[in-house]
Amino acid sequence: MSSILEKYNLKHVINASGRMTALGVSTPLPEVEETVCFGLNHYFEMKDLVNKSGEYIARLLDVENAVVVSSASAGIAQSVAAMIVRGNAYRLEHLHAHAHDVPTEIVIPKGHNVNYGAPVGTMINLGGGRIVEAGWSNECSAAQLGAAINANTAAILYIKSHHCVQKSMLTVEDAAAVAKAHNVPLIVDAAAEEDLRLYYQQGADLVIYSGAKAIEGPTSGLVLGKHEYVEWVKQQTAGIGRAMKVGKEGILGLTHAIELYLERQQESGTAMVEKMAPFINGLNALPGIQSRVVWDSAGRDIARAEVSFDADVFGLSAKDAVTKLQNGNPAVYCRAYKANEGSIEFDVRSVSQEQLQQVLAAMTELNQE
Ligand SMILES: *Cc1c(COP(=O)(O)O)cnc(C)c1O
């Protein structure tokens with residue numbers, strides 16, 4: 001299929017950055033691809049497909065109810081809308097057209113008010129919610145979360161993500177206790193997380209996942225949780241959900257991807273360490289470069305190769321190296337969140353040994369320029 005790259009003049013991309021939307025997230029297994037094709041090639045009674053695939057996923061995950069949506073972002077917007085509309089037919093059809101005499105505030109720890117590629121606040125607004133921050137940039141306790149809740153609170157939103165401030169932050173379980181004490185629902189955005197049961201078990205009312213990240217499904221999202229709340233999310237199909245419609249291929253593809261995800265042994269962090277060892281040794285042979293294994297800051301079982309630059313010795317800063325790697329052919333993408341501090345990370349989950357050699361060659365070339 002390299003003819004497609006030629007036809008549209010696109011570059012080969014090596015994705016050493018993880019499940020990045022900017023690069024197309026992931027490449028689903030052939031079995032998922034087949035299911036997507038089956039979905040594309042048949043008609044269904046869509047309501048039946050939504051309900052029965054949701055029931056199937058709910059049984060797999062031992063949760064009350066589930067629904068496939070078009071993305072985790074759509075899941076956030078529709079979950080917020082669900083907690084404002086709460087099944088009311090008039091509010092469903094006039095979500096943004098009128099002010100409603102019901103709670104619309106979404107309370108979120110301030111350190112969770114992140115930009116994951118789009119601001120989480122934009123998704124809240126899309127769902128008709130108004131964002132209320134609890135705590136401070138560097139801390140949010142259960143008491144601080146509780147203090148932000150009032151009669152206008154529609155829900156609490158907790159973002160479980162490496163994007164968020166991690167220190168002095170309450171846990172999902174803490175947030176669930178606060179939600180229960182104040183009788184408001186708790187929505188957890190776990191878009192890139194790997195455990196599809198944990199946050200529900202910890203007391204979240206709705207949990208949202210991105211279909212193509214850990215699950216490696218087609219572009220899609222998953223919302224699971226309490227029966228009635230999920231039904232309210234489904235109802236948004238006749239509201240804002242229409243602007244974020246998921247197709248039959250996405251519904252079937254993600255459902256199958258979830259099943260395969262639960263069955264297969266995940267590549268462990270230890271296996272990633274082994275895979276990276278020659279790569280890290282090669283990097284350490286370059287002047288001005290220090291490379292070592294680091295573990296995921298959000299606590300997932302992911303090991304990455306951290307590369308620190310001594311810009312004077314290497315001849316290039318970490319930031320400039322990121323740009324040059326991206327501009328190469330193949331284009332090499334790494335994690336550059338800490339490039340301003342002089343280090344980058346390579347995530348090897350989607351990188352073959354052959355591609356690791358190519359990345360090492362690209363780094364060597366930078367040093368010799
Ligand atoms: C990726 C991500 C999202 C968005 O997921 P999409 O499926 O791309 O919409 C939302 N929240 C967090 C924390 C994410 O990492």
Side-chain angles (χ1 to χ4, degrees), residues 15 17-28 32 36 57 66-81 106 108-127 129 131 133 140 155-166 169 171-172 175 186-196 198-199 204 206-225 233 236 240-241 243-247 249-251 253-255 257-258 261 296-300 302 304 333 335-337 345 347 349-350:
N15 176 12
S17 61
R19 306 283 181 246
M20 295 298 284
T21 291
L23 301 178
V25 196
S26 64
T27 51
V32 174
V36 166
I57 294 168
V67 62
V68 176
V69 292
S70 65
S71 65
S73 301
I76 298 170
Q78 290 174 100
S79 295
V80 166
I106 305 298
I108 176 171
K110 189 177 175 78
H112 286 192
N113 192 2
V114 294
N115 184 338
Y116 56 73
V120 67
T122 299
M123 304 313 143
I124 292 172
N125 295 154
L126 205 52
I131 197 159
E133 292 179 342
C140 184
I156 298 170
L157 177 60
Y158 187 106
I159 315 284
K160 179 71 191 162
S161 168
H162 66 93
H163 290 296
C164 297
V165 173
Q166 309 292 328
M169 193 56 66
T171 63
V172 170
L186 171 65
I187 304 167
V188 173
D189 168 19
E193 297 306 302
E194 297 175 325
D195 196 318
L196 304 184
L198 183 64
Y199 309 109
L206 286 177
V207 191
I208 298 155
Y209 295 91
S210 188
K213 289 183 179 172
I215 304 166
E216 298 181 69
T219 303
S220 56
L222 170 68
V223 183
L224 58 81
V233 171
Q236 288 300 318
I240 60 163
M244 36 194 97
K245 177 164 76 174
V246 61
E249 71 281 10
I251 296 173
L254 182 65
T255 306
I258 290 169
Y261 176 72
D296 181 60
S297 63
R300 294 169 297 180
I302 304 169
R304 301 192 179 95
Y333 280 78
R335 293 171 86 81
Y337 299 116
E345 287 178 19
D347 184 312
R349 283 176 291 170
S350 305

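Read the numbers this way: they start at 1 and go in the same order the structure lists the ligands and their atoms.
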### Message
At under 4.0 Å between heavy atoms, is it the side chain or the backbone of Ala191 that contacts ligand 1, or both, or neither?
### Response
side chain
### For atom 4 (C) of ligand 1, closest protein heavy-atom neighbour
Tyr116 CE1, 3.4 Å
### Message
Among all the protein's non-hydrogen atoms, which is closest to atom 11 (N) of ligand 1, and how far away is it?
### Response
Asp189 OD2, 2.6 Å
### Message
Using side-chain contact (heavy atoms from CB on, under 4.5 Å), reason through Val68 and Ile57 one step at a time and then give a plain yes or no.
### Response
CA-CA 9 Å; Val68 176; Ile57 294 168; 3.7 Å; yes
### Message
What protein heavy atom lies closest to atom 7 (O) of ligand 1? Include the residue and the distance to one decimal.
### Response
Ser210 OG, 2.6 Å
### Query
Below 4.5 Å, heavy atoms only, C-beta onward: do Met169 and Pro109 meet side chain to side chain?
yes
### Query
Are any of the side-chain heavy atoms of Tyr116 and Thr21 separated by less than 4.5 Å?
no
### Message
On a heavy-atom basis, which atom in Ser17 and which in Asp347 lie closest, and how many Å separate them?
### Response
C-CB, 3.8 Å
### Task
With atom 1 (C) of ligand 1 as the reference point, say which of His162, Lys213, His163 has the nearest heavy atom.
Lys213
### Task
Find out whether Val223 and Ile208 are in side-chain contact, i.e. whether some heavy atom of one side chain is under 4.5 Å from a heavy atom of the other.
yes
## Note on the structure
So the atoms of ligand 1 within less than 4.0 Å of a heavy atom of Ser161 turn out to be 13 (C)
### Message
With heavy-atom distances below 4.5 Å as the criterion, would you say the side chains of Glu216 and Val32 are in contact?
### Response
no
### Pairwise side-chain contact, Gln78 with Val69, heavy-atom cut-off 4.5 Å (strictly under)
yes
### Query
Between Ala72 and ligand 1, does any nitrogen or oxygen pair lie at a separation below 3.5 Å?
yes
### Task
Could you list which atoms of ligand 1 come closer than 4.0 Å to a heavy atom of Thr21?
8 (O)
### Message
Could you tell me, atom by atom, which parts of ligand 1 come under 4.0 Å of a heavy atom of Ser73?
### Response
4 (C), 6 (P), 9 (O)
